[in-house]
Chemist: 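Below you'll find the structure I mean.
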Amino acid sequence: GTNSRELAQRVLDAVCGVDLNPFAVAIARFRLLVAALRASGTERLKDAPAFRIQLATGDSLLPGTRWQIGTSRRAEPGVQRKLIGEDRLEHFYASEDGEAVGRLLSRQYHAVVGNPPYIVAKDRAQSEAYRDRYGSCHMKYSLAVPFMERFFELALAMGDGLNSPGDQAGFVGMI
């Protein structure tokens with residue numbers, strides 16, 4: 001008996017995403033909107049409700065909260081960094097959605113899925129920033145390495161007393 005528009009919004013509230021490529025974010029936003037319009041039975045854009053879509057453009061490896069893998073306890077607060085001078089990093093990308101990226105990456109999820117880039121960071125400062133933030137980055141590493149660590153941090157943990165009894169740990173999937 002729940003309104004189909006409300007049900008569509010509940011589904012949109014359960015889906016979050018961050019990507020460095022603004023075109024990928026725009027395409028995902030459009031596809032989610034079309035799916036929500038279909039699910040809600042809305043046939044004309046002028047009749048569409050103001051659906052909230054939780055997607056942001058930004059570097060998903062630098063901002064947000066870090067958790068100890070296997071727990072829901074925060075390890076350290078995350079900050080996006082910028083290159084100032086030769087060795088001081090405060091902000092890497094001028095992300096158009098900086099606040100949203102930080103919000104989306106400062107919580108944990110039941111399912112974390114993605115397609116990490118299987119390439120090496122070409123920018124030396126960027127590579128060093130990832131190396132400083134992720135202990136799994138060693139020598140010449142693929143960007144899939146810090147993404148793997150990040151995905152497991154973002155997945156809900158089990159058995160640390162913060163989840164309700166019977167809760168399962170989150171799932172991680174990578175292409």
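As the structure is a prediction and not an experimental result, all values here were calculated from the model. Residues: numbered from 1 along the sequence shown.
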Chemist: To the nearest 0.5 Å, what is the distance between CZ (Arg31) and CG (Leu55)?
Modeler: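 Rounded to the nearest 0.5 Å, the CZ-CG separation comes out at 12.5 Å.
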
Chemist: Which atom pair, heavy atoms only, marks the closest approach of Ile175 to Tyr118?
Modeler: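 For Ile175 and Tyr118, the tightest heavy-atom pair comes out as O-OH, 3.0 Å.
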
Chemist: If you measure from CG on Asp59 to CG on Asp19, what distance do you get to the nearest 0.5 Å?
Modeler: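 Rounded to the nearest 0.5 Å, the CG-CG separation comes to 10.0 Å.
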
Chemist: With heavy-atom distances below 4.5 Å as the criterion, would you say the side chains of Val15 and Gln54 are in contact?
Modeler: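 Heavy-atom side-chain distance check fails, nothing below 4.5 Å.
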
Chemist: Contact between Leu12 and Arg52 at the side-chain level, heavy atoms closer than 4.5 Å - yes or no?
Modeler: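 Leu12 vs Arg52: side chains apart.
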
Chemist: How far does CD of Glu43 sit from OG of Ser40, to the nearest 0.5 angstrom?
Modeler: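 Glu43 atom CD to Ser40 atom OG measures 10.0 Å (nearest 0.5 Å).
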
Chemist: Contact between Tyr134 and Tyr141 at the side-chain level, heavy atoms closer than 4.5 Å - yes or no?
Modeler: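 They are not in contact (no side-chain heavy atoms under 4.5 Å apart), so the answer is no.
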
Chemist: Which heavy atom of Leu37 sits nearest a heavy atom of Ala48, and at what distance?
Modeler: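 Scanning both residues completely, I find the closest heavy atoms to be CD2-CB, 3.5 Å.
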
Chemist: Out of curiosity, does Ile119 fall in the hydrophobic cluster containing Phe147 (side-chain heavy atoms, cut-off under 4.5 Å, transitive links)?
Modeler: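 They do share one cluster, since a chain of ILVMFWY contacts under 4.5 Å joins Phe147 to Ile119.
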
Chemist: Linking I/L/V/M/F/W/Y whenever any side-chain heavy atoms sit under 4.5 Å apart, do Val101 and Val25 land together?
Modeler: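 In one cluster: no.
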
Chemist: Please name the pair of heavy atoms, one in Gln126 and one in Ala121, separated by the smallest distance, quoted to 0.1 Å.
Modeler: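 Minimum heavy-atom separation between Gln126 and Ala121: OE1-CB, 3.9 Å.
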
Chemist: Between Tyr130 and Phe152, is there shared hydrophobic-cluster membership here, with clusters defined by ILVMFWY side-chain heavy atoms closer than 4.5 Å?
Modeler: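 Yes.
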
Chemist: Side-chain heavy atoms nearer than 4.5 Å, only ILVMFWY residues, links allowed to pass through others: does that put Leu104 and Leu61 together?
Modeler: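 Linked, Leu104 and Leu61 end up in one cluster.
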
Chemist: What's the separation between atom CD1 in Ile27 and atom CG in Asn21, rounded to the nearest 0.5 Å?
Modeler: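 Taking CD1 in Ile27 and CG in Asn21, the distance rounds to 7.5 Å.
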
Chemist: Is any side-chain heavy atom of Leu105 closer than 4.5 Å to one of Arg150?
Modeler: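 Yes; the side chains approach each other to less than 4.5 Å.
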
Chemist: Treat each ILVMFWY residue as a node, draw an edge where side-chain heavy atoms are under 4.5 Å apart, and state whether Ile53 and Leu45 are in one component.
Modeler: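 In one cluster: yes.
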
Chemist: Out of curiosity, Arg38 CZ to Leu33 CG, how far, rounded to the nearest 0.5 Å?
Modeler: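 Reported to 0.5 Å precision, the distance equals 11.0 Å.
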
Chemist: Measure across Arg5 and Asp47 and return the closest heavy-atom pair with its distance rounded to 0.1 Å.
Modeler: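 Heavy atoms only, the tightest pair is NH2-O, 2.7 Å.
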
Chemist: State, with a plain yes or no, whether a side-chain heavy atom of Pro116 is found less than 4.5 Å away from one of Met174.
Modeler: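 Yes, their side chains come closer than 4.5 Å.
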
Chemist: Nearest heavy-atom pair of Phe151 and Val113: which atoms, and what distance?
Modeler: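 Closest pair (atom of Phe151, atom of Val113, distance): CE2-C, 4.1 Å.
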
Chemist: Restricting to salt bridge (charged side-chain N to carboxylate O under 4.0 Å, His left out), what partner residues turn up for Arg131, sequence neighbours left out?
Modeler: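 In terms of salt bridge (charged side-chain N to carboxylate O under 4.0 Å, His left out), with neighbours along the sequence ignored, Arg131 is linked to Glu128.
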
Chemist: With a 4.5 Å cut-off on side-chain heavy atoms, are His110 and Phe171 touching?
Modeler: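 When only atoms from C-beta onward are counted, His110 and Phe171 do not touch, as no gap falls below 4.5 Å.
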
Chemist: Looking at Ala36 and Ala8, what are the two nearest heavy atoms and their distance?
Modeler: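 Smallest interatomic distance, heavy atoms only, reads O-CB, 3.9 Å.
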
Chemist: What residues, two or more places apart in sequence or in another chain, satisfy side chain to side chain donor-acceptor pair (under 3.5 Å) together with Ser136?
Modeler: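 Glu149.
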
Chemist: Between Glu99 and Arg103, does any NZ, NE, NH1 or NH2 come within less than 4.0 Å of an OD or OE carboxylate oxygen?
Modeler: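 Looking at Glu99 together with Arg103, the answer is no, because their closest N to O distance does not fall below 4.0 Å.
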
